[in-house]
Structure formats: structure tokens, C-alpha cells
Amino acid sequence: MKLNFKAERMLGVVAHPDDAELLCAGTLARAKRDGAAIAICVMCKGDKGQPSEKLANLTATRRKEMAASADLLGAQLFLGGNCDGTLMDSAPERLKLIEIYRQFKPTLVLAHAPEDYHPDHRAASVLAEAASWFCASRGHKTRSAAMKSPPALWWMDTMDMNGFTPGFYVDIGEFLTLKTQMLACHQSQLQRGKDPDFSPLAELMRLQFRTRGMQAGVEAAEAFRAHLAFKRARAW
Ligand SMILES: [Zn+2]
């Protein structure tokens with residue numbers, strides 16, 4: 001079976017500035033190639049991930065890095081503007097994300113898996129799921145009108161694949177250069193590769209897309225699981 005994303009509007013909802021690169025950039029690139037509209041929503045600013053040589057304005061640096069990466073991909077970029085480590089499911093955060101959904105009108109949302117390692121990832125997961133329901137509910141008022149129907153939702157692989165059972169794989173073999181170039185935009189994070197509390201991201205990403213590719217019989221893949229909930233499940 002070969003998925004074609006031509007008719008989709010695909011939105012990746014992630015916690016931190018470099019999460020989309022690690023977990024779904026290849027799939028977004030493939031959707032873009034098929035003719036889909038694509039966007040990334042980053043919920044946190046990345047303001048607490050300082051490299052060992054501290055940057056004076058880390059938030060501004062990370063915003064520039066995100067914009068450069070989204071430009072390479074040709075994706076629209078939405079920012080949640082939360083401080084790292086503070087993201088939580090709350091009524092105001094839901095409304096903020098509901099409004100972003102209503103502006104972009106995704107048909108398919110890619111969200112962090114509920115079992116991912118980082119509290120911000122898990123909070124983004126809960127919010128992305130809640131917004132996928134309430135975006136089409138007229139009772140939840142935001143500036144833009146309610147969507148006609150909720151988008152489908154796929155859970156993304158976890159960081160380092162821990163505890164995630166893939167439902168299916170997307171072949172991203174054609175987009176490895178782009179995915180790698182996008183990650184390279186995040187120099188402030190790549191500089192943290194030798195920190196004891198961090199990981200060499202490029203190597204981690206390569207191991208992950210090669211492993212998922214090997215499991216699926218292709219050079220490289222990203223793994224997902226469909227969220228089979230009322231009105232979010234879809235026949236492909
Ligand atoms: Zn993250």
C-alpha cells in the first residue's frame with residue numbers, strides 16, 4: 001500500500017523546536033512532495049536547553065533555528081510560546097491550540113505519543129488530542145470558526161523508540177538529506193551533544209530512522225500509530 005498525502009493538510013504538533021525534525025520531518029516532506037499543505041506547531045520556546053557556552057538570547061536563537069528549518073521544509077510555523085517544562089493541559093492552552101487548528105485546518109495531525117519520555121511531550125500529546133476534538137465543536141469559541149470535522153490523528157514514534165509499538169511505517173528514504181539539513185539548523189542544540197544530560201541528536205536520529213527502516217524493509221522510515229478514536233479514525 002502506498003499512501004498519497006496530496007489531499008491532506010498535515011500539522012505536526014510538537015513540544016520543542018527540534019522534535020519535528022527528529023520524529024516526523026520525513027513524513028511532512030513526503031506529504032509536501034505529494035502536494036499537501038504542511039505546518040509545524042511548536043508548543044515550547046526551547047528556552048531552557050542552554051549549550052555549555054551560554055547564549056545570551058537563547059529563545060531568539062531557537063526561534064531563528066526553527067524558522068530556518070521550517071523554511072527548508074516549506075512548512076508554515078506556529079508557535080505556542082510556552083516556557084520549557086511548564087506545558088500542561090489546561091483550558092487556556094487548549095483554546096490556544098484549538099485556534100491554531102482552526103487557522104490551519106489540518107486533515108491529519110501528527111502528535112507526540114502519550115508514552116513519550118518528556119513531560120512536555122506528554123502534555124503536548126494530551127493537548128493535541130483534546131484540540132483534535134474541540135476544534136470542530138462550536139461550543140468552544142475562539143477567534144476563528146469551528147472546523148467542519150475533526151482531523152485524523154497519528155501518534156508519532158517516541159524519542160529513541162522507547163516503549164513505542166509502531167502501527168505502521170512511512171518510507172522516508174528520499175528525504176534523508178532534507179531531514180538531516182533541517183536538524184543541522186538547530187546548532188544551539190547540536191552543541192549540547194557531549195553534555196552528560198543530553199544526547200548527540202544527529203546520531204540518535206540516524207539510528208532511529210535506520211532501525212525503523214530496517215523493521216519495515218526500507219532504507220529509512222518514521223513510525224506512527226493511528227489514534228483510533230471516535231471521528232479521528234479514518235479509512236486510508
Ligand atoms: Zn522535545
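In each ligand, atom 1 is the first atom listed, and ligand 1 is the first ligand listed.
Around the Zn ion (ligand 1), protein atoms of type N, O or S found under 2.8 Å number 4.
Between Arg210 and Glu219 there is a salt bridge, since at least one side-chain N of the basic residue sits less than 4.0 Å from a carboxylate O of the acidic one. Note on Glu99 versus Arg102: no salt bridge recorded, every NZ/NE/NH1/NH2 to OD/OE distance being 4.0 Å or above.
Of all heavy-atom pairs between Lys32 and Gly74, the closest is NZ-O, 3.0 Å.
A donor-acceptor pair shorter than 3.5 Å cannot be found between the side chains of Asp18 and His186. A donor-acceptor pair shorter than 3.5 Å can be found between the side chains of His16 and Asp120.
Each ring-ring contact (aromatic ring centres under 6.0 Å, His included) pair with one or both residues in residues 19-40, not counting sequence neighbours, would appear here, but there are none.
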